[in-house]
Structure formats: structure tokens, C-alpha cells
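Here's the structure, in C-alpha cells; my notes come after.
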Amino acid sequence: MRRGVRAGLALLLTGLGVMVSATAAHADAVVTVSVPSGLPLQVRAEPNLRAAVIGSLANRSRVTISCYGHGDVVAGIGGNTTIWNRLPAGGWVTDGFLETGSNSPVVGPCTGGSAPFKLPFPAGSAYRVTQTPGEGYSHNDDYNRHAVDFGTPTGTPILASAAGTIRFEGWNGAGGIMALVDHGGNRCSQYAHLSATIINNGDRVSQGQRIGTSGATGNVTGPHLHWNIVNCDSQRSREIPNSVEAGTRYPTGSAPVSRNG
């Protein structure tokens with residue numbers, strides 16, 4: 001069981017701790033809020049520290065967590081963690097202030113019906129993850145920390161990960177030719193370093209609709225797709241894409257198979 005309260009406790013607190021027995025990591029887990037300070041834990045709309053606070057969990061209350069994803073790093077009572085747990089009614093709480101009996105997830109990943117996105121290339125295809133969220137090479141700042149890079153050759157069809165409206169398409173400096181699909185609530189999927197787009201600003205697109213082709217434009221070392229979920233207005237990185245195929249786990253070297261289209 002996790003021990004020792006770290007100095008960073010106050011950061012997310014109005015914080016929380018949860019105790020759960022070590023059950024199989026594929027079913028809901030009923031947990032007890034247990035915060036050393038006695039403060040409640042904020043429930044956020046997305047698994048990141050900038051997301052809207054939509055509720056809180058009282059200390060010593062019992063709650064259910066249904067699945068996990070990865071988001072912002074939190075310095076919790078057991079060390080740094082990117083694990084966030086989703087509540088059945090919606091909302092996310094960091095695993096950093098939960099006593100779970102493990103530093104690994106104790107519920108299954110948030111995939112399938114709970115995942116709003118699909119991989120941004122055609123169904124049946126798979127491309128190697130060349131850089132994962134938070135990786136030190138270039139995914140460690142406010143604009144890129146949740147991004148996933150895929151080693152897509154130039155000319156690979158790029159598809160909308162979810163339905164929405166084209167917020168931007170065109171040249172975007174270091175991102176090269178880029179497209180933003182607005183999904184509402186200031187939440188956009190971002191597709192960067194494209195060789196071309198085939199959509200226009202204001203177009204409505206469906207999930208799986210082709211929006212362009214992969215390339216090597218902007219600041220790159222080779223052809224690839226830079227895929228992220230960002231705030232539409234600032235393009236600051238918002239959350240790790242939660243896909244049907246991979247949830248929020250994209251280990252470098254893996255090659256998840258798309259189910260899009």
C-alpha cells in the first residue's frame with residue numbers, strides 16, 4: 001500500500017486518497033477516499049490539471065472507479081504517476097492521491113465505448129509509435145506533452161479521429177501543414193506535419209473521413225504524423241487521445257491497428 005505524503009500533496013488537493021483491494025484490473029473497483037489532510041479531491045472533466053473542476057469527493061467516502069487512462073503527471077503519495085481514474089458518472093480523479101494497493105492500475109483501461117476517438121489512419125493499418133506522450137525529445141512542453149507521433153510514410157491517408165468541424169487547415173510554422181478538427185467545448189484533435197489537406201475551414205467532417213495525407217512539413221527529422229488533443233483557441237496540449245484501439249497508452253515501438261473508417 002502506498003505510504004508517505006509528498007510535498008506536492010497540496011497541488012491537486014483539494015486532494016484525495018483512495019484505498020482499494022487488489023482485485024483483477026478489469027472490473028469496477030469500490031474505493032475509500034483517504035486523504036491525510038482531510039481535504040476533498042477535485043473531479044476534473046478530463047485527465048489533466050487544466051481541465052474544468054466538475055465535482056469533488058469527500059474524505060472517507062466510498063466511490064467507484066470504472067477505468068483508467070493516462071494524463072498529466074502528478075506527484076502523489078506514491079511518487080509520480082500519469083494514471084487517472086474515470087468515475088462511472090463521468091469525470092476523472094488522479095491516481096496519485098489514491099491508496100490502491102499498487103502503483104499500477106487496478107481497473108481496466110478506458111477503451112471501446114468510453115473512448116471518443118479512433119486512430120487517424122484507415123482501418124486495418126498500423127504504424128509504429130515513434131514518440132509517446134511526455135517523452136523528452138519534443139513532447140515535454142505545454143503544446144506537445146500529450147501528443148503521439150506515428151511513423152506514417154509521406155502520402156498516408158489521414159482520417160478524422162472523431163466527427164467535428166474544421167477549425168483550421170493550412171501552414172502552422174513548426175507544425176508544417178496542419179489541420180484542427182473542433183469537437184466542441186474548446187477541444188480539438190490536431191494533425192501536424194501533413195503533406196496536404198483536402199478540407200476547408202468550416203467544413204463538417206465525420207469520423208473516418210479523409211482530411212489529408214501524412215508528410216514531413218515543418219520542424220521534423222522525417223515523415224510522421226503528430227496527433228494530439230489540444231485546446232482549440234490556444235493549441236496548448238489538453239489530453240492524451242483516448243482511442244478505441246489503444247485507450248491512452250501508446251508505448252514507443254508499439255503499432256496499434258486502426259479501426260477507423
Side-chain angles (χ1 to χ4, degrees), residues 1-6 8-117 132-134 145-146 162 185 187 229 238-251 256:
M1 187 169 291
R2 295 176 178 178
R3 304 291 185 192
V5 179
R6 295 172 61 97
L9 187 68
L11 177 78
L12 212 351
L13 283 180
T14 328
L16 160 152
V18 171
M19 169 182 273
V20 64
S21 59
T23 56
H26 296 288
D28 287 358
V30 178
V31 298
T32 302
V33 178
S34 178
V35 185
S37 67
L39 293 174
L41 175 73
Q42 292 177 337
V43 179
R44 295 186 178 268
E46 303 292 343
N48 69 74
L49 300 175
R50 292 184 178 86
V53 176
I54 60 173
S56 64
L57 299 175
N59 192 37
R60 304 309 305 169
S61 62
R62 289 180 64 78
V63 297
T64 299
I65 54 176
S66 58
C67 62
Y68 80 94
H70 287 268
D72 280 357
V73 176
V74 174
I77 56 177
N80 290 343
T81 183
T82 62
I83 299 169
W84 289 68
N85 295 295
R86 185 172 175 83
L87 306 178
W92 297 81
V93 291
T94 176
D95 199 65
F97 298 115
L98 310 184
E99 292 186 0
T100 63
S102 172
N103 285 331
S104 299
V106 295
V107 288
C110 296
T111 58
S114 62
F117 300 105
T132 198
R145 59 202 173 100
H146 300 116
R187 188 191 204 195
I229 307 300
R238 176 180 175 129
E239 65 195 81
I240 298 173
N242 184 7
S243 69
V244 168
E245 300 90 346
T248 54
R249 288 288 285 174
Y250 302 92

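It should be emphasised that the depicted structure is a prediction, and the values quoted were computed from it without experimental measurement.
- Between atom CG of residue Asn242 and atom CZ of residue Arg86 there is a gap of 8.0 Å, rounded to the nearest 0.5 Å.
- Taking all atoms of both residues into account, the shortest heavy-atom contact from Arg238 to Gly185 is NH1-O, 3.2 Å.
- Two residues are said to be in side-chain contact when any heavy atoms from C-beta on lie closer than 4.5 Å; Leu87 and Ile65 meet this criterion.
- Considering CH2 of Trp84 and CD1 of Ile240, their distance stands at 11.0 Å, rounded to 0.5 Å.
- When atom types are taken as modelled, the side chain of Tyr250 and the backbone of Pro241 share a donor-acceptor pair closer than 3.5 angstrom.
- Using a 4.5 Å heavy-atom cutoff, the side chains of Ile229 and Phe117 are in contact.
- Residues meeting the side chain to side chain donor-acceptor pair (under 3.5 Å) test with Arg249, sequence neighbours left out: none.
- Thr94 OG1 to Arg44 CZ: the interatomic distance, rounded to the nearest 0.5 Å, is 10.0 Å.
- By the salt bridge (Lys or Arg N to Asp or Glu O under 4.0 Å) test, Arg187 pairs with Glu46, Glu239, sequence neighbours left out.
- Here the closest heavy-atom approach between residue Ala58 and residue Ser61 is recorded as O-OG, 2.6 Å.
- In this view, Thr82 and His70 satisfy the side chain to side chain donor-acceptor pair (under 3.5 Å) rule, not counting sequence neighbours.
- In terms of heavy atoms, Leu57 sits closest to Val43 at CG-CG2, 3.9 Å.
- Between Val93 and Gln42, the shortest heavy-atom distance links the atoms CG1-O, 3.9 Å.
- The two residues Tyr68 and Val107 have their closest heavy-atom pair at CD2-O, 3.1 Å.
- In terms of heavy-atom proximity, Ile83 sits nearest to Ser104 at CD1-C, 4.1 Å.
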